[in-house]
Amino acid sequence: MEWSNLISSKRFGHETRHGNLAEYRSVFERDYDRLIFSAAFRRLQNKTQVFPLPGSIFVHNRLTHSLEVASVGRSLGNDAARILMERHPELNEQQIFQLGTITSVACLAHDLGNPPFGHSGEKAIASFFSEGKGARFKSLIEKEVGSRRAEILWEDIVRFDGNANAFRLLTHQYEGRREGGFVMTYSTLASIVKYPHTSLLCEKKNKFGFFESELNVYKEVADHLGIRCFVDDGLKVKYARHPLAYFVEAADDICYEIMDIEDAYKLHLVTAEKTTELFLNFFDEKQARHIMASYPDVTDPNERIIYMRSCVINAIEQECVRVFVENEDTILQGEFQGSLIKHIDPRMRNAIQKIADFAVDNVYRSREVLDIELAGYRIINTLLELLTDAIEHPDKAYSKLIINRVPSQYQVNRPLVSERLFGVLDYITGMTDVYALDLYRKINGMSLPAI
């Protein structure tokens, strides 16, 4: 893969258009602005990250998480660009110095496809079809499209993944038209896809990058950018990652691991002493003493933990940049294995693992987190049950009421059951936590609209 091809201003849906207006923003800065001002991005402010949103203590939601990931991603891209230009003076400077902007845009968009109620929302959708009442649709889809295509459509559903859904959201063609929507650059779209293969090639993580409905879109984007293809066997397709997807993954992992611990501390799930211990594990003894002595007059534990957290993020970010530039050739060949974080300094890698292990036992299994997961399962399962019943039997009186409640943009009246199912999933995954809860209450007669 070549940097000159990987950084492209071509836009999905506007491939043949060339504007004449004077524009002082780069095309990638325009991508950033389109996302920031989009309704889909605003909705992230009311989607759970890990902890429940209501309360007197402010913790991260999907929007604040995405903004922080974008900030770290921008630093990763900018720092790498400076080193790459020193190493390869023959590269196009104007292109290379867009790495930070492209990465930050992809980071902003990486969670757009996630349903309400955090990761439990993904699990609720997948389990409804794999082990719940939605399992009946497998045979219906097979009758409509045949066993071969039905196999991947069903895998897309029972392995439902927010990463693939984000790519769908940004590229979905309304009634087959490629105009309108986000109209993002090819480079931004490719950088979002952390798992560039179809659901039929899922491995242990059960993650994939695009649904069958967007397979040809991704192939078009990847082929234009010169992204290496490893497998192209009909519906089994696998590409190398766009190099910047490694930065998006690293920025997400950094913020997810580190900021969750800070939130847990704010919620008194973790003591200041334990938080300090977890953060100082990233540094050797000399570095730790320097950090602790940097603010001798600051006695407030909150401020000290914020400072230590910033030191940790900065240290991991620099390590990830080092790994990236040292492995540039392997990454461009599509042969780099694992994430950037798996190759950083062993001390830091062990410190991240300690945080992850501690979080699993003491944070993600806390009562507050489990309560939101239980509520999310119940709400999403109920909405799926009612909506899928309606699209399966659209002529029933109650089904008509339910279908009329769904905005037309979700196309739940399309001919095929599989198309209607994805319309339902588009509708549910676009909901905020509050909207989903409100709809759940109204449908179940628990509340009525004001008259």
Side-chain angles (χ1 to χ4, degrees), residues 49-51 59-60 64-66 68-77 79-80 103 107 110-111 118-119 163 194-195 203-207 241 244-267 269-292 304-327 331 336-366 369:
Q49 174 64 17
V50 173
F51 299 103
V59 294
H60 288 82
T64 51
H65 168 72
S66 296
E68 290 172 350
V69 174
S71 177
V72 175
R74 184 185 63 241
S75 296
L76 287 163
D79 290 349
T103 305
C107 289
H110 84 284
D111 267 353
H119 291 295
N163 294 281
K194 295 192 290 185
Y195 311 99
E203 298 176 352
K204 291 182 179 179
K205 278 191 174 182
N206 219 21
K207 298 285 188 179
R241 282 183 174 183
L244 297 186
Y246 286 101
F247 283 154
V248 176
E249 177 182 49
D252 187 24
D253 289 346
I254 291 169
C255 291
Y256 192 87
E257 298 288 0
I258 305 306
M259 301 310 300
D260 283 357
I261 289 296
E262 184 176 339
D263 278 352
Y265 164 72
K266 291 177 181 177
L267 293 170
L269 298 175
V270 187
T271 65
E273 292 75 19
K274 185 62 180 180
T275 306
T276 299
E277 174 193 327
L278 291 170
F279 284 167
L280 291 182
N281 283 336
F282 286 86
F283 308 101
D284 61 31
E285 188 175 341
K286 181 179 179 181
Q287 292 169 327
R289 283 200 305 269
H290 175 74
I291 290 171
M292 294 299 289
R304 296 182 74 85
I305 283 173
I306 289 172
Y307 174 67
M308 282 186 282
R309 179 258 297 158
S310 68
C311 292
V312 169
I313 291 178
N314 181 63
I316 304 173
E317 185 267 336
Q318 291 182 19
E319 267 295 285
C320 287
V321 171
R322 178 189 65 77
V323 172
F324 185 90
V325 296
E326 288 182 0
N327 293 276
I331 289 172
F336 185 76
Q337 299 297 314
S339 66
L340 296 178
I341 285 181
K342 289 193 178 297
H343 296 268
I344 62 176
D345 177 81
R347 179 192 296 107
M348 292 189 182
R349 196 165 64 244
N350 292 335
I352 290 177
Q353 189 59 52
K354 288 180 180 179
I355 283 182
D357 293 341
F358 180 85
V360 167
D361 293 333
N362 299 277
V363 178
Y364 303 139
R365 293 176 184 167
S366 67
V369 174

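Worth knowing before you read on, the calculation uses all heavy atoms, side chains too, and leaves out hydrogens, waters and symmetry mates.
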Q) Please walk me through it: do Ile341 and Ile254 pass side-chain contact (heavy atoms from CB on, under 4.5 Å)? A) CA-CA 9 Å; Ile341 285 181; Ile254 291 169; 4.0 Å; yes
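- In this structure the side chain of Asn327 never reaches within 4.5 angstrom of the side chain of Tyr246, judged on heavy atoms.
- Of all heavy-atom pairs spanning Val270 and Tyr265, the tightest one is O-CD1, 3.5 Å.
- The minimum heavy-atom distance linking Ile313 with Met259 is given by the pair CD1-SD, 4.1 Å.
- Distance check: Glu273 CD to Leu278 CG gives 11.5 Å after rounding to the nearest 0.5 Å.
- In this structure the side chain of Phe282 reaches within 4.5 angstrom of the side chain of Ile355, judged on heavy atoms.
- Using a 4.5 Å cut-off on side-chain heavy atoms (C-beta onward), Glu317 and Cys320 make no contact.
- No side-chain heavy atom of Glu249 sits under 4.5 Å from any side-chain heavy atom of His110.
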Q) For Gln353 and Asp357, what are the C-alpha separation, side-chain angles and deciding distance, and is it a side-chain hydrogen bond (donor to acceptor under 3.5 Å, both in side chains)? A) CA-CA 6 Å; Gln353 189 59 52; Asp357 293 341; 2.8 Å; yes
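- The side chain to side chain donor-acceptor pair (under 3.5 Å) test applied to Glu257 returns no partner, not counting sequence neighbours.
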Q.
side-chain contact (heavy atoms from CB on, under 4.5 Å) for Ile258 and Phe279? Distances and angles first, verdict last.
A. CA-CA 8 Å; Ile258 305 306; Phe279 284 167; 3.9 Å; yes
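- Minimum heavy-atom separation, Thr271 to Thr275: O-OG1, 2.8 Å.
- In this structure the side chain of Asn350 never reaches within 4.5 angstrom of the side chain of Asn281, judged on heavy atoms.
- For the pair Ile344 and Ile352, the minimum side-chain heavy-atom distance is below 4.5 Å.
- If you look at His343 and Phe336, their ring centroids are closer than 6.0 Å.
- In this structure, Val312 and Met348 have side chains that are not in contact, with every pair of non-hydrogen atoms separated by 4.5 Å or more.
- Rounded to the nearest 0.5 Å, atoms CG (Asp263) and OG1 (Thr64) are 7.5 Å apart.
- Residues Leu280 and Met308 meet the side-chain proximity criterion, which asks for heavy atoms closer than 4.5 Å.
- Scanning all heavy atoms of the two residues, the minimum distance from Ala315 to Phe283 falls at CB-CE2, 3.9 Å.
- Atom-to-atom distance recorded for Ile316:CD1 and Cys311:SG is 11.5 Å, nearest 0.5 angstrom.
- Across Cys107 and Ala251, no two heavy atoms sit closer than the pair SG-CB, 4.0 Å.
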(Q) Using the rule given for side-chain contact (heavy atoms from CB on, under 4.5 Å), can you reason through Lys207 versus Lys194, listing the C-alpha separation, both sets of side-chain angles and the distance that settles it, and then say yes or no? (A) CA-CA 9 Å; Lys207 298 285 188 179; Lys194 295 192 290 185; over 6 Å; no
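- Between the OG1 atom of Thr276 and the CZ atom of Arg309 there is a distance of 13.0 Å, given to the nearest 0.5 Å.
- Minimum interatomic distance between Glu262 and Ile306 (heavy atoms only, all atoms of both residues): OE2-CG1, 3.8 Å.
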Q: Determine, stepwise, if the pair Phe358 / Lys274 fulfils side-chain contact (heavy atoms from CB on, under 4.5 Å).
A: CA-CA 10 Å; Phe358 180 85; Lys274 185 62 180 180; 3.5 Å; yes
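- Gln287 places a side-chain N or O within donor-acceptor distance of the main-chain N or O of Asp284, the cut-off being under 3.5 Å.
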